[in-house]
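Here the structure comes first, spelled out in structure tokens, and everything after it is commentary.
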Amino acid sequence: MKNAIILHGMPSQEEYYDPNVLSMSNLHWIPWLQSAFIKQDIHAVTPEVPFAFRPQWDLWVREVERFEMNSDTILVGHSCGGGFWLRYLSERKDLKVGRLVLVAPWLDPDGDETDGFFEFDLDPNLIKRTAGITLFHSDNDMGNVHKSVAQIRDKLPGVTYREFKGYGHFTESHMGGSKFPELLEAVVK
């Protein structure tokens with residue numbers, strides 16, 4: 001059975017604890033995408049990583065490894081979640097998955113926000129262990145996301161690259177809504 005794991009990014013500590021903000025796995029386009037997958041008979045989960053504002057590698061790994069991953073698994077990651085999937089798959093060279101979709105992937109290129117979370121070597125053969133990698137990037141995203149995207153494209157030249165105009169960091173406020181049909185189309189085509 002096809003399944004999908006949709007992984008959120010790294011919020012600020014203020015956003016994480018704000019009682020007026022939904023949990024990270026329930027923000028932006030994530031619930032919409034989960035629902036769209038389910039309606040296409042793809043079992044979809046949205047893990048909620050504890051203390052996501054202060055990424056700890058072992059907590060993120062423990063959270064995602066609660067779910068089955070195989071060649072039928074679609075992995076989607078937003079921001080830090082996209083960077084997480086790149087490290088996770090780079091370190092697990094025996095794991096083959098379905099499509100990998102990176103939305104505004106972030107790798108902490110300046111090395112000053114995640115205390116070693118992204119200290120790894122990106123496996124240049126990673127794409128061979130997937131059914132394809134698609135990277136979504138917006139022309140007006142943050143500078144450190146632009147740097148991360150450049151690193152990824154340099155190390156993984158076979159990645160399908162999709163640039164958007166004015167989508168910012170692919171958040172609900174930047175996109176003007178919570179639907180992201182371009183992402184669904186890229187995965188289920």
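Computation of the quantities below employed the complete heavy-atom set of this structure, encompassing side-chain atoms and omitting hydrogens, waters and symmetry-equivalent molecules.
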Quick one: do the Arg99 and Thr134 side chains pair a donor with an acceptor below 3.5 Å?
yes
What do the steps show when you test Asp94 against Arg129 for salt bridge (Lys or Arg N to Asp or Glu O under 4.0 Å), and what is the final call?
CA-CA 8 Å; Asp94 59 329; Arg129 294 182 283 110; over 6 Å; no
Starting from the C-alpha separation in whole Å, work towards a yes-or-no answer on side chain to side chain contact (heavy atoms under 4.5 Å, CB included) for Ser79 and His169.
CA-CA 8 Å; Ser79 192; His169 197 53; 2.9 Å; yes
Is Asp18 atom CG crowded by more than 12 heavy atoms from other residues, nucleotides or ligands, each under 6.0 Å away?
yes
Could you check whether any side-chain heavy atom of Cys80 comes within less than 4.5 Å of a side-chain heavy atom of Phe117, counting everything from C-beta outward?
yes
Is a side-chain N or O of Ser148 found less than 3.5 angstrom from the main chain of Trp106, in a donor-acceptor match?
no
Yes or no on side-chain hydrogen bond (donor to acceptor under 3.5 Å, both in side chains) for Thr46 and His8, after CA distance, side-chain angles and deciding distance?
CA-CA 8 Å; Thr46 58; His8 62 77; over 6 Å; no
Under 3.5 Å donor-acceptor, Thr73 side chain and Asn70 backbone:
yes
Please check if any side-chain donor atom of Asp123 sits under 3.5 Å from a side-chain acceptor atom of Ser90, or the reverse.
no
Taking a hydrophobic cluster as the set of Ile, Leu, Val, Met, Phe, Trp and Tyr residues connected by side-chain heavy atoms closer than 4.5 Å, whether directly or through intermediates, do Leu27 and Phe37 fall within one such cluster?
no
Once rounded to the nearest 0.5 Å, what's the spacing between atom OG1 of Thr130 and atom CG of Leu89?
8.0 Å
Would you kindly confirm whether Trp85 and Ile152 end up in one hydrophobic cluster when ILVMFWY residues are joined by side chain heavy atoms under 4.5 Å apart?
yes
Out of curiosity, Leu107 CG to Lys155 NZ, how far, rounded to the nearest 0.5 Å?
9.5 Å
If hydrophobic clusters are built by linking Ile, Leu, Val, Met, Phe, Trp and Tyr wherever their side-chain heavy atoms come under 4.5 Å apart, do Val76 and Met175 end up in the same one?
yes
Rounded at 0.5 Å granularity, tell me how far CZ in Phe84 sits from CG in Leu75.
9.5 Å
Can you check whether Lys93 reaches Leu126 side chain to side chain, under 4.5 Å on heavy atoms?
no
Do Ser178 and His28 get their side chains close enough for a donor-acceptor pair, meaning under 3.5 Å?
no
Short N-O contact, Arg162 and Glu185, less than 4.0 angstrom:
no
Any donor-acceptor N/O pair, Asn140 side chain to Gly168 backbone, under 3.5 Å
yes
Can a donor-acceptor pair be found, under 3.5 Å and without considering hydrogens, that links the side chain of His146 to the backbone of Asp141?
yes
Test ring-ring contact (aromatic ring centres under 6.0 Å, His included) on Phe180 and Phe136 and set out the steps.
CA-CA 11 Å; Phe180 196 174; Phe136 288 87; 5.4 Å; yes
Mind checking the CH2-CD1 spacing from Trp32 to Ile6? Nearest 0.5 Å is all I need.
10.0 Å
Rounding to 0.5 Å, atoms CD1 (Ile74) and NE2 (His43) come to a distance of 12.0 Å
Indicate yes or no: does Lys165 engage Glu163 in a salt bridge with an N to O separation below 4.0 Å.
yes
How about Leu184 and Val187: do any of their side-chain heavy atoms sit closer than 4.5 Å?
no
Centre-to-centre under 6.0 Å for Trp29 and His78, is that the case here?
yes
Donor-acceptor pair, side chain of Asp108 and main chain of Glu113, under 3.5 angstrom
yes
I'd like to check Leu102 versus His137 (side-chain heavy atoms, cut-off strictly below 4.5 Å). Are they in contact?
no
Tell me whether Lys179 at atom NZ has more than 12 heavy atoms from other residues, nucleotides or ligands lying less than 6.0 Å away.
no
Side-chain heavy atoms nearer than 4.5 Å, only ILVMFWY residues, links allowed to pass through others: does that put Leu7 and Phe170 together?
no
For residues Asp41 and Lys2, determine if any side-chain heavy atom of one lies less than 4.5 Å from a side-chain heavy atom of the other.
no
List the atom pairs, with distances to 0.1 Å, where a side-chain N or O of residues 48-60 and a protein N or O form a donor-acceptor pair under 3.5 Å, not counting sequence neighbours.
from: Glu48; atom 1: OE1; to: Ser23; atom 2: OG; distance (Å): 3.4
from: Glu48; atom 1: OE1; to: Ser25; atom 2: N; distance (Å): 2.8
from: Glu48; atom 1: OE1; to: Ser25; atom 2: OG; distance (Å): 2.4
from: Glu48; atom 1: OE2; to: Met24; atom 2: N; distance (Å): 3.2

Is it true that the side chains of Tyr16 and Glu14 contain a donor and an acceptor less than 3.5 Å apart?
no
Between Arg92 (side chain only) and Arg87 (backbone N and O only), is there a donor and an acceptor less than 3.5 Å apart?
no
I'd like to know if Val145 and Phe164 are part of one continuous hydrophobic network [Ile/Leu/Val/Met/Phe/Trp/Tyr, side-chain heavy atoms within less than 4.5 Å].
no
Where do Arg153 and Val159 land on the side chain to side chain contact (heavy atoms under 4.5 Å, CB included) test, with the steps shown first?
CA-CA 7 Å; Arg153 292 183 75 193; Val159 166; 5.5 Å; no
Does Asn3 reach the main-chain N or O of Glu68 with its side chain, forming a donor-acceptor pair under 3.5 Å?
yes
Does the pair Arg66/Glu63 count as a salt bridge with the N-to-O cut at 4.0 Å?
yes
Do the non-hydrogen side-chain atoms of Pro105 and Leu135 ever get within less than 4.5 Å of each other?
yes
To the nearest 0.5 Å, tell me how far Ile133 CD1 sits from Lys128 NZ.
12.0 Å
